[in-house]
Amino acid sequence: MAEESGQEKTEDPTPKRLREAREKGDIPRSKELNATALLLAAAGAMLLFGASAGQRIAAMMVGNFDLSREELFDSRLMLIHFGASVVESIWAVLGFMVMVALAALIGPMALGGLNFSAQAIQPKMSRLDPLAGLKRMFSVKALVELAKAFAKFSLVTGFAITVLMLLMPELFALGGQDVRVAISHAVELVGWAFLVISSSLIIISLIDVPFQLHDYAEKLKMTLQEVKDEMKNTEGKPEVKGRIRQMQREIAQRQMMTDVPTADVVITNPTHYSVALKYMSGERDAPIVVAKGADFVALKIREIAKEHDVPVLSTPPLARALYHSTEIDQEVPAALYKSVAQVLAYVFQLKRYKSNQSEKPMPLNDNDMEIPKDYLHD
């Protein structure tokens with residue numbers, strides 16, 4: 001896609017791109033790290049279990065060569081001896097095989113982690129394409145693999161020659177030792193030689209692992225357009241998101257309108273804003289906003305308030321201040337406490353007057369409202 005669009009892959013892969021790559025079995029792997037772990041485990045296992053394994057196998061061979069004439073010509077006894085020899089051989093090399101098997105499992109997980117992908121094992125005809133094969137043979141990666149192979153050969157050869165030269169006296173001395181002692185000694189020498197030679201591959205692994213990580217990151221890089229397309233597909237098209245937001249606003253407005261009849265007062269700027277307040281004594285420290293709106297919504301709030309006999313007061317400065325400084329189900333700001341208290345006091349006095357419990361209160365005067373300058377809006 002990058003080649004077709006002419007764009008360069010300059011963006012780091014997104015989490016979605018990385019997740020899809022893992023699902024396809026495309027994760028960073030280092031063959032050199034795997035081989036090094038396997039060889040070092042084998043060398044370590046030989047040093048740990050080699051001597052005992054050699055002794056057990058030697059004892060088994062001595063026992064098999066020490067059979068009597070009657071046992072040699074008795075097929076039933078020979079079968080028993082054969083079975084016992086197989087079991088003894090398995091026990092002799094069991095520790096070695098377990099360590100090697102663990103290294104074979106853990107080594108690949110050291111880079112890229114554990115991952116199983118059914119897609120990776122599916123047959124692909126594209127792998128049989130000779131042109132694609134030639135392209136891989138003459139790619140930069142193929143040249144790197146060739147360089148690694150030459151470096152491995154040179155390192156292993158150099159280490160092997162050095163180790164053999166250092167161990168030459170001990171190797172020649174094996175011929176003058178007892179057979180049992182020579183076998184154990186030989187296994188130990190081979191184990192140490194194997195460990196030193198295998199350790200040479202650590203150098204290759206230290207170079208290969210960063211290269212594989214870099215190559216993997218470069219392979220999954222994306223163009224800017226690919227990132228934009230993914231975000232669009234993941235989060236949805238702008239028109240769809242706009243429609244969702246509109247529906248959410250409509251749902252919120254319907255819920256808000258059902259709370260208007262519970263309000264104590266609706267404060268309005270008659271042409272633009274309406275804010276419905278409710279004071280719950282003992283539950284909240286200050287009055288809360290149960291509904292607010294502008295233009296058509298403000299008109300709808302006033303209509304519902306009148307239908308349910310909720311007082312509607314026109315105090316434009318306070319209405320504008322409340323509309324711009326509060327949200328639904330939020331307490332009014334402390335700076336507006338005094339002005340809101342004046343309104344609520346007037347409303348409560350008005351209710352008492354209507355029930356013939358007090359005299360008619362004096363009308364509210366906007367000039368008596370103390371609205372801080374920071375809350376004044378045109």
Side-chain angles (χ1 to χ4, degrees), residues 235-236 241-378:
E235 300 178 3
K241 291 192 290 184
R243 177 57 181 165
I244 292 174
R245 285 195 294 267
Q246 181 182 353
M247 293 176 65
Q248 290 173 338
R249 285 195 298 268
E250 291 174 356
I251 294 172
Q253 286 179 5
R254 284 196 294 268
Q255 178 62 39
M256 180 180 68
M257 293 304 178
T258 61
D259 294 333
V260 172
T262 67
D264 292 317
V265 63
V266 173
I267 301 174
T268 70
N269 171 359
T271 57
H272 292 295
Y273 306 116
S274 292
V275 181
L277 301 179
K278 181 178 181 179
Y279 179 62
M280 296 179 287
S281 179
E283 297 182 20
R284 304 291 283 265
D285 295 333
I288 63 170
V289 177
V290 296
K292 73 171 190 175
D295 300 328
F296 175 76
V297 177
L299 176 61
K300 190 66 177 177
I301 291 174
R302 293 196 295 271
E303 290 177 354
I304 295 175
K306 291 177 181 178
E307 291 175 3
H308 293 83
D309 295 326
V310 177
V312 178
L313 300 180
S314 175
T315 54
L318 182 58
R320 290 193 293 267
L322 288 170
Y323 179 84
H324 289 289
S325 63
T326 60
E327 297 295 336
I328 305 300
D329 199 36
Q330 178 182 325
E331 294 181 356
V332 300
L336 300 178
Y337 278 0
K338 184 175 181 179
S339 298
V340 171
Q342 288 178 280
V343 172
L344 291 175
Y346 174 78
V347 170
F348 294 148
Q349 290 177 5
L350 191 63
K351 287 183 178 179
R352 291 173 60 86
Y353 166 72
K354 290 183 179 179
S355 60
N356 297 319
Q357 295 181 3
S358 68
E359 297 181 356
K360 185 176 181 180
M362 295 292 294
L364 286 174
N365 189 344
D366 290 347
N367 294 328
D368 295 334
M369 296 286 179
E370 296 183 7
I371 309 296
K373 293 182 179 181
D374 294 341
Y375 287 84
L376 291 175
H377 296 272
D378 296 331

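Computed from a predicted structure; not experimentally measured.
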Legend entry - Distance, nearest 0.5 Å, that separates CG of L313 from CG of L277: 10.0 Å
Inset, instruction - Would you give the length of the straight line joining atom CG of D259 to atom CD1 of I304, rounded to the nearest 0.5 angstrom? - result: 10.0 Å
Inset, instruction - State which residues pass side chain to side chain donor-acceptor pair (under 3.5 Å) with T268; sequence neighbours excluded, sorted by chain then number. - result: none
Inset, instruction - Please report the closest heavy-atom contact between E327 and V289, naming both atoms and the distance. - result: O-CB, 3.7 Å
Inset, instruction - Determine the minimum heavy-atom distance between I301 and G293, stating which atoms define it. - result: CD1-N, 3.7 Å
Inset, instruction - Measure across A319 and V275 and return the closest heavy-atom pair with its distance rounded to 0.1 Å. - result: O-CG2, 3.9 Å
Legend entry - Steps toward side chain to side chain contact (heavy atoms under 4.5 Å, CB included) verdict (T326, L336): CA-CA 11 Å; T326 60; L336 300 178; 5.7 Å; no
Inset, instruction - Check V266 against A305 and note the closest heavy-atom contact, atom names and distance. - result: CG2-CB, 3.7 Å
Legend entry - Atom of S274, atom of A298 and distance for their closest heavy-atom approach: OG-O, 3.1 Å
Legend entry - Option from V310, V265, D329, D264 for which side chain to side chain contact (heavy atoms under 4.5 Å, CB included) with K278 holds: D264
Legend entry - ring-ring contact (aromatic ring centres under 6.0 Å, His included) partners of Y323, counting only residues at least two apart: Y273
Inset, instruction - Starting from the C-alpha separation in whole Å, work towards a yes-or-no answer on side chain to side chain contact (heavy atoms under 4.5 Å, CB included) for Q330 and I288. - result: CA-CA 5 Å; Q330 178 182 325; I288 63 170; over 6 Å; no
Inset, instruction - Apply side chain to side chain contact (heavy atoms under 4.5 Å, CB included) to the pair V297 and M257, showing each step before the final yes or no. - result: CA-CA 9 Å; V297 177; M257 293 304 178; 3.6 Å; yes
Inset, instruction - Please report the closest heavy-atom contact between I328 and K292, naming both atoms and the distance. - result: CD1-N, 3.6 Å
